[in-house]
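Everything numeric here is computed off the predicted structure, so don't read it as measured data. Reckoned from all heavy atoms, side chains included, excluding hydrogens, waters and symmetry mates.
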Amino acid sequence: MEERLQKVLAQAGVASRRASEKLIQAGRVMVDGKIVTELGTKVSTFSNIAVDGEPIERESTHTYVLYKPRGVVSTAKDEKGRKTVVDFLSDLPYRLYPVGRLDYDTSGVLLMTNDGELANHLMHPRNEVDKVYVARIKGQLTGDDIYKLKKGMRIDDYKTRKAKVKILKTQRDKDRQIVQLTIHEGHYHQVKKMFKALGHPVEKLSRERYGFIDLEGLTAGDYRELSHLEIDRLKAL
């Protein structure tokens, strides 16, 4: 398999992709003993690459889906000593980081990867990757509430993009609903803020799907590695 040289340098942690391109143009990168200055040069898994005469350490890329439980933070470390998502994959020989975040009290699909390019691709707003949440909310949505969610609504200093809304269950005796909400962004507390702005606080929240990746076959705390086919599909989103 061949990949662009600047991508390989970025994945190896040498520098960002843009900075790696500058290193190449400056003649500081060698491939198999020869200086390479042309951007877009492709290298194979077996190519020997050096920057300023020092061989780079190439780390294979891996991506996992974790069923994040509630009561866990979506960071590599926590200053308060709370359990983090990285703790669940501590037996793996890779340094994996979460793609975006899920709130401390939110459960569900969380992708963990060491593929920086994939992570950036998935989190970029222009790619509009579906994020499907299921929320248990206080009260019941009106037709006007649903219209606002679908059209987009102003929260804090931004306006949400169009969302998809589906009422899964109405519990009139308990005055609450189970609602499926599909959004593309990932602003801080966004789903909770959207419902709160409508007067329907979220009592419980989970992310059921990220793109086409779901929780099938997993229970809270479980994880599995994505196949090459799944990763290719994610990159095509």
Side-chain angles (χ1 to χ4, degrees), residues 65-75 78 80 82-85 88 98-112 122-224 230 233-234 237:
V65 54
L66 168 70
Y67 187 156
K68 177 195 172 296
R70 291 180 180 81
V72 176
V73 291
S74 299
T75 56
D78 181 62
K80 297 180 180 179
R82 295 173 295 181
K83 193 162 189 174
T84 75
V85 292
F88 288 92
V99 178
R101 295 187 177 186
L102 282 182
D103 295 341
Y104 179 76
D105 58 350
T106 299
S107 64
V109 174
L110 184 66
L111 296 182
M112 304 286 295
L122 292 174
M123 290 190 292
H124 200 292
R126 73 168 177 237
N127 292 321
E128 297 192 340
V129 178
D130 282 352
K131 301 175 183 69
V132 182
Y133 293 83
V134 172
R136 188 178 74 197
I137 63 171
K138 185 67 177 175
Q140 298 166 39
L141 295 178
T142 65
D144 187 54
D145 290 336
I146 294 174
Y147 174 78
K148 289 178 180 177
L149 290 169
K150 288 183 175 181
K151 184 177 177 60
M153 51 196 296
R154 183 155 292 281
I155 297 176
D156 297 337
D157 59 348
Y158 66 92
K159 183 178 180 181
T160 65
R161 299 192 179 194
K162 295 180 179 179
K164 296 177 183 177
V165 186
K166 183 178 182 181
I167 306 300
L168 300 181
K169 188 176 183 180
T170 298
Q171 299 174 316
R172 300 186 187 283
D173 57 327
K174 297 181 179 179
D175 191 30
R176 66 189 186 193
Q177 278 184 326
I178 309 296
V179 183
Q180 182 186 84
L181 185 72
T182 303
I183 62 174
H184 300 126
E185 313 100 310
H187 293 287
Y188 183 66
H189 289 328
Q190 180 177 338
V191 174
K192 293 177 182 176
K193 288 181 177 180
M194 290 172 74
F195 283 116
K196 184 178 181 180
L198 298 172
H200 301 289
V202 171
E203 298 179 337
K204 191 176 182 181
L205 183 65
S206 65
R207 184 159 68 189
E208 303 292 302
R209 187 159 55 82
Y210 191 112
F212 59 89
I213 302 296
D214 58 27
L215 299 168
E216 184 177 359
L218 300 176
T219 57
D222 287 347
Y223 59 86
R224 70 170 180 86
E230 288 175 313
R233 285 183 64 191
L234 284 174
L237 291 176

- Would you mind telling me which of Val109, Val132, Leu215, Val134 makes a side chain to side chain contact (heavy atoms under 4.5 Å, CB included) with Ser206? Val134

Roughly how far apart are [X] [atom1] and [Y] [atom2], rounded to 0.5 Å?
X	Y	atom1	atom2	answer
Arg126	His184	CZ	NE2	15.5 Å
Thr106	Tyr133	OG1	OH	7.5 Å
Leu218	Leu66	CG	CG	8.5 Å
His189	Ile155	NE2	CD1	12.0 Å
Leu110	Leu102	CG	CG	5.0 Å
Ile178	Glu203	CD1	CD	8.0 Å

- Message: Among Lys192, Arg207, Lys193, Lys68, which residue satisfies the salt bridge (charged side-chain N to carboxylate O under 4.0 Å, His left out) criterion with Asp103?
- Response: Lys192

- Heavy-atom distance under 4.5 Å between the side chains of Asp145 and Phe195, does that happen here? no

- Those residues at least two apart in sequence (or on a different chain) that pass side-chain hydrogen bond (donor to acceptor under 3.5 Å, both in side chains) with Tyr210 are none

- Can you see which heavy atom on Ser107 is nearest to which on Pro69, and at what distance? CB-C, 4.2 Å

- Ring-face cation contact, Tyr104 with Arg70, 6.0 Å cut, 45° max: no

- Task: Using the six-membered ring of Phe88, assess whether NZ or CZ of Lys83 lies under 6.0 Å from its centre and within 45 degrees of the ring axis.
- Result: yes

Counting only N and O atoms by type, is there a donor-acceptor contact under 3.5 Å from the side chain of [X] to the main-chain atoms of [Y]?
X	Y	value
Thr182	Ala163	no
Asp222	Thr219	yes
His200	Lys138	yes

- Task: With side-chain contact (heavy atoms from CB on, under 4.5 Å) as the test, would you mind laying out the steps for Tyr158 and His187 before giving the verdict?
- Result: CA-CA 9 Å; Tyr158 66 92; His187 293 287; 3.2 Å; yes

- Message: Regarding Arg176 and Gln140, do their side chains bring together a donor and an acceptor under 3.5 Å, going by distance alone?
- Response: no

- Message: Hydrogens and angles aside, do Gln177 and Gln171 bring a side-chain donor and acceptor to less than 3.5 Å of each other?
- Response: no

- Query: Can we say Glu185 and Lys131 salt-bridge, meaning some charged N sits less than 4.0 Å from an Asp/Glu carboxylate O?
  - Reply: no

- Please say whether more than 12 non-hydrogen atoms of neighbouring residues, nucleotides or ligands are located less than 6.0 Å from OH in Tyr147. no

